[in-house]
Each structure stands twice: as structure tokens, then as C-alpha cells.
Colleague: 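My questions will all concern the structure given below.
From a predicted model like this one, the values you see are computed outputs, not experimental measurements.
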Amino acid sequence: MTFNPEQKCSPPVPEAQALLTLDLAALVANWHSLARRVAPAECSAVIKADAYGIGLEQVFTALLKAGCRSFFVAHISEGLRARRITQDPAIKIYLLNGLLLSAECLDLIASHALTPVLGSVPEWQFWTQSPQSHALPYALHINTGMNRLGMQIPEALSLANTAKPALIMSHFVSSELPADPQNEKQIKSFEILRQAFAGIPASLANSSGIFLPQKPHFDLVRPGYALYGGNPTPDQPNPMRCVITLEAPILQIREIQAGETVGYNATWIAQRQSTLATIGLGYADGLLRSASGSQDKTGAYGLFMGHKCPIVGRVSMDLTIFDVTNVPKGELQPGKKLQILGPDLSIDELASNSGTIGYEILTSLGQRYHRIYRQS
């Protein structure tokens, strides 16, 4: 089965009320930039959660053509989607969430050349003792501080002379905070594990881990967020290129007087005569309700021809209202587009103004947008 990367997803323009442009060339440039930074370590790609909302098939195809040879997903269903695009067993597809102890699960993984990341002794025993999988590759996930998935360090060390994984890995707790002592603690623990599993490739760094001063790149790094344009260095300028632009045409413009209220439960009251613009995009499309603006809280904003336009009132399911009073009247008219995300309005800024993180913004991107995938 082949996948056509030119295929457009979601409704066509006449049916959609927002346009999501996804720059695959920028995404590939981000991968190349990270690969150069970590060389000679291998740079993989994390494409779980529909490639962070961008589109697993489109992202997988683009990075495959760019030279990426190792990918990480969370669920078997995601691994199967990727494997349908290429049956080449040299292209590694790792399952981060490990292995459910069932014959059906094991058969799916083994028959589609997926590589489970085993995070417990029972998982390891089940995989290595099963006739259909005992000789197939697997990775070991070892807990160095996250306490989410992974073997405890003593458990892993007890297997060091027996287990023959294709990869050992762990996960940073606070790599986006370079001064956090937890980073150094985890690196030292992982060094011990690497010595115990001598000769076996090792992986610790996620997007932010790639930029830590200790350069804990080991043999393979696993960027996700940075590939899609998120800032892996929150205290510094973003070194990654913008991948996502989200725009919506204005549906209606209205004037209201000082003292009038806006939106559900009248949480925003105009302090002056105001001009409002409504767009056909709401929390059903991934513009979070927490982006709402009220009398007590400044919410997120959009950009209209370079002018900052704050969200006023509550974001509703299908509609959001912006204060466009400061936009010159001659520039305003229905049909013109207001930008929610783009080169001048980053994922991280929208997230901060919505009281969340950019990962949630990305993975909440809805299916009602008209999506355009740019290859160059």
C-alpha cells in the first residue's frame, strides 16, 4: 500500500472555515538541523499522536525521503499506519508504550516488524520467551526518574548479561530546564546503564535534551516537539523553523457600546466602544477554552495584518470572538483572514496565553480545517 503525500485531508476550502498550512519542507529542515547538531549520533523522529497533530502519514513520508531511518510511536495502531507506507524492515518503528501481555498484541507487533520498547521484566520475559518473537529486536526502557514507564535500574542491571536489546533508552524529566539538577542525575544513572549494556546503542535525549550543555546524545536522539516548530529551549530564541500556520476568515464584524457583554455567561464587558470580529473556529477545533479572555484574565490573541487582537469572552465550540478595535477600520471586512498560529504567533506563545503547553496545542488540532501540506 502506498501513500500519496500530496493528498489533502479534511474538508475542501468551500466546506471549511479555517485553513491549516503545514510546511513539510520546514519540518524536514528542522530534522536536518537537529541531525547535524547531534552527529555522529543518529537522529530519529517521534511521530506519535498523529505526528503531534500534523499528520502521521505526511510526516513519516517526508522524513523517510529526507533520510530518517528510526521512528517512535506510542500505540500499535500508529505503528501499523507507518508500516503500511514502507515494508522495509531496515526502517525501525519503535512502540514507546511497550507490550500488552497478549498473544494478539504480540502477533501484530511481530508480523509487522515493529520494535516494542519493553518497560518491565514481565514484558521482556513474554517477548523473549514467545516462539514468534524471541529472536526479533526489542528495546529496553529503563526508569531514571520519570516513574512513568520503564524497568527500575536494579532490574535492568540484573538483565545486563542476559538481555540483548537493540536499544536501551530512558526519558528526561526536566530537560527543558537546563539548570535542573535532575538532568545531571539522570545522565549519570544512564551512563552506568550504558556501561553495563556495553556495545548496545543507547538513547536518552528528547528535543530539549539535545540542547543540554552536557550533550547527552549517546547513539540516538528522539526529537518530537522541536521537529514541529516548538521551542526546545524555552529560555532562548527558538532555533526551529515554523511548521504550522492556522488562519480563519472573519465571519462577522460588529460594533458594541461600553458596558455591553460578550460571549457565554457575560465574562467580558466592553470598557469602551469596541469592534468585534467573529471567526468560525472554537474548542472543537483545538482552540482551547482556556484561551478565553474575561474581566479577570487576559486570554490569547490572534493577528490581523500585524495587529494583536485579543480573544474576548469565552471560546465556544465553533466560534471565537476577537477585539479588533485597534485595527484601522478600512482594513476590516468579512472574509479577510485572522491568524491564530504562524511565523509571528508561535505555538509556545499561544500555549502560554492559554495556560497550557505547546504539545497540547499541537495535539488538539482539529479535523475541520482545510489542510494544505507544502513540500517546498
Colleague: Would you say that more than 12 heavy atoms from the other residues, nucleotides or ligands in this model lie under 6.0 Å from the NZ of Lys297, or not?
Modeller: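 Enclosed.
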Colleague: Quick test of your reading: applying ring pair (Phe, Tyr, Trp, His ring centres under 6.0 Å), list the pairs with at least one residue in residues 76-108, sequence neighbours left out, ordered by first then second residue.
Modeller: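 The answer is Phe72-Tyr94.
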Colleague: Looking just at side-chain N and O atoms, do Asn183 and Gln214 make a donor-acceptor pair shorter than 3.5 Å?
Modeller: no
Colleague: Looking only at side chains, do Thr144 and Ser189 share a donor and an acceptor under 3.5 Å apart?
Modeller: no
Colleague: Compute whether any side-chain donor of one residue and acceptor of the other, for Arg222 and Ser44, lie under 3.5 angstrom apart.
Modeller: no
Colleague: Quick one about Glu176 and Ser208 (side-chain donor to acceptor, distance below 3.5 Å, no hydrogens or angles considered), yes or no?
Modeller: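 Ser208 vs Glu176: no donor-acceptor pair found between side chains.
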Colleague: Hey, which of Lys65, Gln58, Arg374 is the one that makes side chain to side chain contact (heavy atoms under 4.5 Å, CB included) with Leu24?
Modeller: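 Of all the options given, the one that passes is Gln58.
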Colleague: Assess the residue pair Arg272 and Gln257 against the criterion (side-chain contact (heavy atoms from CB on, under 4.5 Å)); give the C-alpha distance rounded to whole Å, side-chain angles, the decisive distance to 0.1 Å, and a yes or no.
Modeller: CA-CA 6 Å; Arg272 58 176 178 172; Gln257 301 302 313; over 6 Å; no
Colleague: Any side-chain donor paired with an acceptor under 3.5 Å for Tyr301 and Glu349?
Modeller: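 Tyr301 vs Glu349: donor-acceptor pair found between side chains.
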Colleague: By ring pair (Phe, Tyr, Trp, His ring centres under 6.0 Å), which residues pair with Phe218, not counting sequence neighbours?
Modeller: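 Scan of Phe218 (ring pair (Phe, Tyr, Trp, His ring centres under 6.0 Å), adjacent residues dropped) gives Phe190.
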Colleague: Residues two or more places apart in sequence or in another chain: which of them pass salt bridge (Lys or Arg N to Asp or Glu O under 4.0 Å) with Arg83?
Modeller: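 Expected list: none.
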Colleague: Would you sort out whether Glu42 and Arg69 count as a salt bridge (charged side-chain N to carboxylate O under 4.0 Å, His left out), showing the intermediate values?
Modeller: CA-CA 9 Å; Glu42 179 185 356; Arg69 290 298 176 262; over 6 Å; no
Colleague: Whether the Ser175 and Asn206 side chains hold a donor-acceptor pair (N or O, under 3.5 Å, no angle test) is what I'd like checked.
Modeller: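 Result is yes, a qualifying pair exists.
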Colleague: Can a donor-acceptor pair be found between the side chains of Glu360 and Ser364 at a distance below 3.5 Å?
Modeller: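 Side-chain D/A pair, Glu360 to Ser364: absent.
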Colleague: Under 3.5 Å, is there a donor-acceptor pair between the Thr325 and Asp323 side chains?
Modeller: yes
Colleague: Between Glu123 and Ser120, does a side-chain hydrogen bond (donor to acceptor under 3.5 Å, both in side chains) hold up when you go through it step by step?
Modeller: CA-CA 5 Å; Glu123 285 180 73; Ser120 70; 3.2 Å; yes
Colleague: Determine whether the aromatic ring centres of Tyr225 and Tyr359 lie less than 6.0 Å apart.
Modeller: yes
Colleague: Could you tell me whether the side chain of Glu255 and the main chain of Gln273 form a donor-acceptor pair under 3.5 Å?
Modeller: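 Side chain of Glu255 to backbone of Gln273: no pair is present.
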Colleague: Is the number of heavy atoms from other residues, nucleotides or ligands within 6.0 Å of CG (Leu100) greater than 12?
Modeller: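 Open.
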Colleague: Taking atom NZ of Lys337 as the centre, does the number of heavy atoms from other residues, nucleotides or ligands within less than 6.0 Å exceed 12?
Modeller: no
Colleague: Is the number of heavy atoms from other residues, nucleotides or ligands under 6.0 Å of Asp235 CG greater than 12?
Modeller: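 Yes, because the 6.0 Å sphere around CG of Asp235 holds more than 12 heavy atoms from other groups.
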Colleague: Do Thr233 and Asn231 pair up side chain to side chain, a donor and an acceptor below 3.5 Å, judged on atom types alone?
Modeller: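 Thr233 vs Asn231: donor-acceptor pair found between side chains.
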